[in-house]
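Note sheet for the following structure.
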2 protein chains.
Amino acid sequence: MLASLLPALRELALPLRLRLWDGKELDLGPSPRVTLAINDPNLIPQLAHPSLDLLGSAYVEGRIDLHGPLAEVIRIGDELTQALGRHTSSAPPREEHDKATDAKAISYHYDLSNAFYSLWLDQDMVYSCAYFESGNESLDQAQQAKLRHLCRKLRLKRGDRLLDVGCGWGGLARFAAREYGAEVFGITLSREQLTLARQRVADEGLEDRVRLELMDYRDLPADEGFDKVVSVGMFEHVGHANLPLYCKQLFGAVRPGGLVMNHGITARHVDGRPVGHGAGEFIDRYVFPHGELPHLVNIGACISETGLEIVDVESLRLHYAKTLELWSQRLEARLDEARALVPERALRIWRLYLAGCAYGFRRNWINLHQILASKPLADGSHELPWTRADLYPPA
Amino acid sequence: MLASLLPALRELALPLRLRLWDGKELDLGPSPRVTLAINDPNLIPQLAHPSLDLLGSAYVEGRIDLHGPLAEVIRIGDELTQALGRHTSSAPPREEHDKATDAKAISYHYDLSNAFYSLWLDQDMVYSCAYFESGNESLDQAQQAKLRHLCRKLRLKRGDRLLDVGCGWGGLARFAAREYGAEVFGITLSREQLTLARQRVADEGLEDRVRLELMDYRDLPADEGFDKVVSVGMFEHVGHANLPLYCKQLFGAVRPGGLVMNHGITARHVDGRPVGHGAGEFIDRYVFPHGELPHLVNIGACISETGLEIVDVESLRLHYAKTLELWSQRLEARLDEARALVPERALRIWRLYLAGCAYGFRRNWINLHQILASKPLADGSHELPWTRADLYPPA
């Protein structure tokens, strides 16, 4: 079986070494940089038509091992898939998103281990796309710049009541309270995040301005009281079917004249299907169960249909590629520490996911869009300045 | 008939005077600022349930006359319509947009009279939303600022080949050539525009860098040769059915790594229908035959489906309200000169359309979105800077 596969593999001249279950090694091209160790002979027939999901799953389940720089592993995996794969990305599954399912899905990812996340996130543990003003900043600097960019887009000012939907470890909530004097109410479905986030709020003495709760977005009180609403890396978890409800909740939470910022990952579609050679299925199976990436147009339509006006959209695709590359490099540099914190299986998943998503953003399979929307007053006016120049003050 | 209508009208307490065909006058509220002269008694039954289309059409056809400040006329007309109208906006007509029909529709509007347009447009005759950096600029300043904003968003540089689809009177083409050293190819379907635009190009000695042609966008050579493509106030004329073809043409015209700017009017929908109490039907009948305003999401979907990546969207809704208010004020100040240039019927149409659209933008019935899209290189990279700070250089 392997013999019949080899000519096609060799033709690709990839810098890839195969190591078989019996210890035999085969170089598929010159100067191999990556070794793919096949532990399970039964995998061979499937390798004739690989997908990123197949390769990734085989690694997670221990049927293969991978050695070499992870970015190279991903690139070679993609070339293999592109050349030999018969995989066509299917539409993302439309699953039921009730509160219990969503709580479980969020817990699966975000309750993994605060100590593990702190190994490779920035010091504030901001787990979303950073913002590189020059491209030469450290991760810490770029995450602080992202928090500032969001607050600037929201035209946040002292005393503003800010709702932070999916507040994570509280980085944005604390920044908004500390740097802008906002009164923040943040919600998350992750107990681990909430515990650490509350502790950090207390450490900084911000309890009077930051309140954080374990709460589903569907349970938000519809009091229209917030001046601003921010949602970072959240709509990806909501599910297509619930996007209208999600947007309706945000619309309901903000006062007329207020602003809503949606920052999240969007999918690129070709012929109505997401691209990525099966990467999405892997992510769905192992990384973000029940995650569903909407196209910019889908989330934009839901936002518009509530009556919010889309005033500013910015793609930060290559910012997220760079963020994920830094996360991946930082995790790769601390694998031994990571092994002490999470099971080997989880470590394999997170390693592939970070390097793979970096690759996906680079290749334009997925994007990151910041969508700022305004809730107009009855006469159609809003409180935004004439231009966006205030987002870019002279240094 | 009028007697049965009067109680409902009087209840609204609008500052409106009715003048009947027999000279009789009726004040519907205190201190009337607007007089509606009803010349045709047969109109009375229809006035029981007015729409902006009914009122506007009656004015154009001379069945009514309107006296008073035009902005007040529009506001009172809308209040009347909101209170008494039974009109529900219908979905815009989906008409055939072949080349002959489109050429005729464009000619109807843009070939009206260069001299007439020059009465109320800025000195460069830029017939699209201006850009007010402070809100205090003159129309001339704001139109030049708009041209600069577009060129900045396109990251235009010396020697760039720029395609200007729907080039109007050539204001942007000349600006890009003169201020940025771009090589511009512009197309329009209006002979009057082309004649004056070419003359202005010659007057400035820009013939070696600006070529303008009478051409349908469907006849563009698909040579992928342009570094940048700009389309200002054009997609509104394309028709929903042809939006995918229009976007495909733009995608085909730009080289990989290049940028495409779509600047145009978008419709707000509620329950899938445009808003505006019948204003859209009036515009369609008298102002822009075959015009069809897409929702931001519709044009965004068509752009995305070609493979272009949406990188920056900006709403300039209140900029267009202000632009139209200035246009309307300038026309109102020169009505006598205007009467010497166009038929009374056309003048009535243009007067209502300018004041009415200003009102529509103010009230958030319609919007103006600048959509910048990138055609990524095969590896997913693009040539944009990390941030948009370059659009806002320190003064």
Side-chain angles (χ1 to χ4, degrees), chain A residues 131-135 145 149 266 268-272 295-305 307 309-319 321-322 359-365 367 369 371-374 376-382 384-395, chain B residues 131-135 145 149 266 268-272 295-305 307 309-319 321-322 359-365 367 369 371-374 376-382 384-395:
Chain A
Y131 180 64
F132 296 87
E133 290 176 327
S134 74
H149 198 46
T266 53
R268 182 154 73 94
H269 290 177
V270 171
D271 300 330
H295 191 283
L296 171 62
V297 157
N298 301 134
I299 178 76
C302 291
I303 291 170
S304 297
E305 271 156 30
E309 174 188 13
I310 294 175
V311 291
D312 183 1
V313 180
E314 181 179 18
S315 161
L316 297 178
R317 175 166 65 83
L318 295 181
H319 293 250
K322 194 172 164 72
Y359 186 86
F361 279 103
R362 280 258 171 247
R363 298 304 295 254
N364 195 23
W365 295 349
N367 213 315
H369 283 104
I371 309 168
L372 182 69
S374 152
L377 296 162
D379 66 357
S381 66
H382 56 56
L384 287 160
W386 281 101
T387 79
R388 307 182 299 198
D390 60 320
L391 306 180
Y392 308 93
Chain B
Y131 179 63
F132 296 87
E133 290 175 327
S134 75
H149 198 46
T266 53
R268 182 154 73 95
H269 290 178
V270 171
D271 299 330
H295 190 282
L296 171 61
V297 157
N298 302 135
I299 178 75
C302 291
I303 291 170
S304 297
E305 270 156 30
E309 175 189 11
I310 294 176
V311 292
D312 183 2
V313 179
E314 182 178 18
S315 162
L316 297 177
R317 176 166 65 83
L318 295 180
H319 294 250
K322 193 172 166 73
Y359 186 86
F361 280 103
R362 280 259 171 246
R363 297 304 295 253
N364 195 24
W365 295 348
N367 212 316
H369 283 104
I371 309 169
L372 182 68
S374 153
L377 296 161
D379 68 356
S381 66
H382 57 54
L384 287 160
W386 281 102
T387 79
R388 308 181 299 198
D390 60 319
L391 306 179
Y392 306 93

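Naming convention: chains lettered A, B, ... in sequence-line order (proteins, then strands); numbering from 1 in each chain. Keep in mind it's a predicted model, so treat the numbers as computed, not measured.
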Looking at [Y], is its backbone amide N or carbonyl O close enough to the side chain of [X] to form a donor-acceptor pair, meaning the two atoms are under 3.5 Å apart?
{"X": "B:H382", "Y": "A:L318", "answer": "no"}
{"X": "A:H369", "Y": "B:I310", "answer": "yes"}
{"X": "A:R388", "Y": "B:L391", "answer": "no"}

Between [options], which shows the greatest number of heavy-atom pairs under 4.5 Å with chain A?
{"options": "B:H295, B:E309, B:R363, B:H149", "answer": "B:E309"}
{"options": "B:R362, B:H319, B:R268", "answer": "B:H319"}
{"options": "B:A321, B:P393, B:S134, B:S374", "answer": "B:S134"}

Non-hydrogen atoms of chain A under 4.5 Å away: do they reach the side chain of [X], the backbone, both or neither?
{"X": "B:T266", "result": "neither"}
{"X": "B:S381", "result": "backbone"}
{"X": "B:E305", "result": "neither"}
{"X": "B:A378", "result": "backbone"}
{"X": "B:L296", "result": "side chain"}

### Working for side-chain contact (heavy atoms from CB on, under 4.5 Å), residues A:D312 and B:D312
CA-CA 7 Å; A:D312 183 1; B:D312 183 2; 4.3 Å; yes

### Message
Counting heavy-atom pairs closer than 4.5 Å to chain B, which one of A:P394, A:P385, A:G300, A:G135 comes out on top?
### Response
A:G135

### Message
Under 4.5 Å from any heavy atom of chain B, what part of A:Y131 do you find: side chain, backbone, both or neither?
### Response
side chain

### Query
Quick one: what part of A:N367 sits under 4.5 Å from any heavy atom of chain B, side chain, backbone, both or neither?
side chain

### Query
Which class fits the ring pair B:W386 and A:F132: parallel under 30°, tilted 30 to 60°, perpendicular over 60°?
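Tilted, since the angle between the ring planes falls between 30° and 60°.
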
